[in-house]
Amino acid sequence: MSPSRFAPVAGLARAWHPEPGIAVTLVATALAVATGRPAAGVAAVSAAVLSGQLAVGWLNDFLDAERDIAVGRADKPVAAGTVPRRVVRDAAVLAGLACVPLSLLSGVTAGLVHLVGVAAALAYDVGVKATAASALPYAVAFGALPAFVVLGLPGHPAPPWWLVVGGALLGCAAHFANVLPDLGDDLAAGVRGLPHRLGPAGSRVAASGLLLAASLVLALGPGGGPTPFAVAALPVAVAALAVGQVLGRGPGSRAAFRAVMVAAGVDVLLLLAAGPTLVRR
């Protein structure tokens, strides 16, 4: 069979932004494991989160197709002509429909919380990303994700405040970090979200500040004093952010973006390390 016949499939696979989508799905899955959910519960979390990520990613590329074509985004499958725009649209609809029953497998309350998070992410795609409130969908979606995992535990316990707040802060930081490398292209395309209004320097500071706040909340929130892991992890996050702020001032430097990624990784580890404390035995 000709390789060209596989091009639409490959294009569709790339159009949903697989790197962040897979990362979010893996983090949710790992948190489900850390909280002690049984295998069926872990699978339910993975399937629900993956379907939501697929819907959000595909809708984003469908809605951005004309703008991507106008600015010559060869890295976008629809703009490059690899996959038809209508196929991406249909895939987004199917993934969104599948997300509903898959989310409800974890219980009605947990499922509804996850669907609220997915709806917030879809709202970002539809137009919130071009407004001053562009960070809000990230706060809602990332705050809802750990809440969804905890609410699906036996007995459906309420998620602690620090878990939701830590997730929301991490999500807002992810918004600034994700936009940083593409600020110029976005502005040329007419996108003016909060990071674009703050500019590169302001966005670097915002991302670093939000990550530092998330680190503190996730390290100190569980109570009983910081764990040995938290004591070791916090200085790593602080050092990475400080170095990124200094080196990231140079024109074209990606040091701040890389530093934010390191600190975000530390925050994710803090989130996962807190998982066992959420299980009430």
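Note that the numbering runs from 1 along the sequence shown for the chain.
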Smallest separation among heavy atoms of [X] and [Y], with atom names:
X: A121; Y: V56; value: CB-CG2, 3.6 Å
X: G221; Y: W162; value: O-CD1, 3.3 Å
X: G11; Y: V83; value: C-CG1, 4.1 Å
X: P222; Y: A274; value: CG-CB, 4.4 Å
X: A207; Y: A177; value: CB-N, 4.4 Å
X: P195; Y: V179; value: CB-CG1, 3.9 Å

Give a yes or no answer on whether the side chain of [X] reaches the backbone of [Y] with a donor-acceptor pair at less than 3.5 Å.
X: R197; Y: R192; value: yes
X: S134; Y: L194; value: yes
X: T131; Y: V128; value: yes
X: S51; Y: A48; value: yes
X: T35; Y: V150; value: no

When rounded to the nearest 0.5 angstrom, what is the spacing between [atom1] in [X] and [atom2] in [Y]?
X: D90; Y: L12; atom1: CG; atom2: CG; value: 10.0 Å
X: Q53; Y: L145; atom1: CD; atom2: CG; value: 8.0 Å
X: L122; Y: L63; atom1: CG; atom2: CG; value: 9.5 Å
X: S215; Y: L271; atom1: OG; atom2: CG; value: 11.0 Å

> Could you go step by step and tell me if V78 and W58 meet the side chain to side chain contact (heavy atoms under 4.5 Å, CB included) rule?
Replying inline: CA-CA 10 Å; V78 178; W58 279 327; over 6 Å; no

Hydrophobic clusters here meaning ILVMFWY residues chained together by side-chain heavy-atom distances under 4.5 Å, can you tell me if [X] and [Y] are in one?
X: L59; Y: L50; value: yes
X: V238; Y: V268; value: yes
X: V88; Y: L97; value: no
X: L212; Y: V205; value: no
X: L151; Y: V33; value: no

> With H17, which residues qualify under side chain to side chain donor-acceptor pair (under 3.5 Å), at least two apart?
Replying inline: N60, D61

>> Are L169 and L218 packed together at the side-chain level, in the sense that at least one heavy-atom pair is separated by less than 4.5 angstrom?
In response: no

> Is there side-chain contact between F142 and V24, with at least one heavy-atom pair below 4.5 Å?
Replying inline: yes

>> Taking side-chain contact (heavy atoms from CB on, under 4.5 Å) as the definition, give me every residue that meets it alongside I22, ordered by chain and number, with sequence neighbours left out.
In response: W16, P18, L26

> Is there any salt bridge (charged side-chain N to carboxylate O under 4.0 Å, His left out) pair reaching into residues 115-139, and which pairs are they, with sequence neighbours excluded?
Replying inline: D64-K129

> Quick one: salt bridge (charged side-chain N to carboxylate O under 4.0 Å, His left out) pairs with a partner in residues 265-278, sequence neighbours left out?
Replying inline: none

>> Given the ring of F62, does R85 sit roughly above its face, with NZ or CZ under 6.0 Å from the centre of the six-membered ring and within 45° of the axis?
In response: yes

For residues 98-116, please give each side-chain donor-acceptor pair under 3.5 Å, one per line with the distance, not counting sequence neighbours.
unit_1, atom_1, unit_2, atom_2, d
S103, OG, C99, O, 2.7
S103, OG, H114, ND1, 2.8
S106, OG, R37, NH2, 3.0

> What residues form a ring pair (Phe, Tyr, Trp, His ring centres under 6.0 Å) with Y124, not counting sequence neighbours?
Replying inline: Y138, H175

